[in-house]
Amino acid sequence: MDFEYPVIDKKKMGDTLKRYMQERGLTARDVQEYLGLACVQTVYRWTAGISIPTVDNLYALSRLMKVSIDDLICCSRY
């Protein structure tokens with residue numbers, strides 16, 4: 001079986017999330033409040049490509065942005 005294992009590109013995903021937030025006029029604070037996060041820094045870490053949202057938060061973000069989860073996730077192939 002010959003296949004490539006997909007890996008999430010955190011930087012591209014952060015850029016994509018940032019773009020969707022800008023298109024919808026949302027701030028990091030808006031996203032923090034919507035998700036019920038304790039700290040706005042979490043959102044900044046996502047948009048900077050330092051970390052990625054949990055599956056629960058990814059699902060909620062896809063609903064907030066009105067896009068599919070696949071639209072938010074940017075993969076690289078290894």
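Small disclaimer: the values here were computed from a predicted structure and weren't measured.
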Check: Could you give all pairs that pass the side-chain hydrogen bond (donor to acceptor under 3.5 Å, both in side chains) test and reach residues 34-51, with sequence neighbours left out?
Finding: none

Item checked: Non-hydrogen atoms of Asp71 and Thr16 that approach each other most closely -> O-CG2, 3.5 Å

Side chains of residues 54-64: which donor-acceptor pairs under 3.5 Å do they make with residues two or more places apart or in other chains?
residue : atom : partner : partner atom : Å
Thr54   : OG1  : Asn57   : N            : 3.2
Thr54   : OG1  : Asn57   : ND2          : 3.4
Tyr59   : OH   : Arg63   : NH1          : 2.7
Ser62   : OG   : Tyr59   : O            : 2.7

Donor-acceptor list for residues 20-29 side chains, cut-off 3.5 Å, not counting sequence neighbours:
residue : atom : partner : partner atom : Å
Arg24   : NE   : Met65   : O            : 2.6
Arg24   : NH2  : Met65   : O            : 2.7
Thr27   : OG1  : Arg29   : N            : 3.4
Thr27   : OG1  : Asp30   : N            : 3.0
Thr27   : OG1  : Asp30   : OD1          : 3.4
Thr27   : OG1  : Asp30   : OD2          : 3.1
Arg29   : NH1  : Gln32   : OE1          : 3.0

Check: In the single-linkage hydrophobic clustering (I, L, V, M, F, W, Y; side-chain heavy atoms under 4.5 Å), do Met13 and Ile50 co-cluster?
Finding: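 In one cluster with Met13: Ile50, no.
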
Check: Do the side chains of Val40 and Ile52 join up, straight or via other hydrophobic residues, at under 4.5 Å, putting them in one cluster?
Finding: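 No, Val40 and Ile52 fall in different hydrophobic clusters.
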
Margin query: Applying salt bridge (Lys or Arg N to Asp or Glu O under 4.0 Å), can you list everything that pairs with Asp15, at least two apart in sequence or on another chain?
Written below: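 Partners of Asp15 under the salt bridge (Lys or Arg N to Asp or Glu O under 4.0 Å) test: Lys11.
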
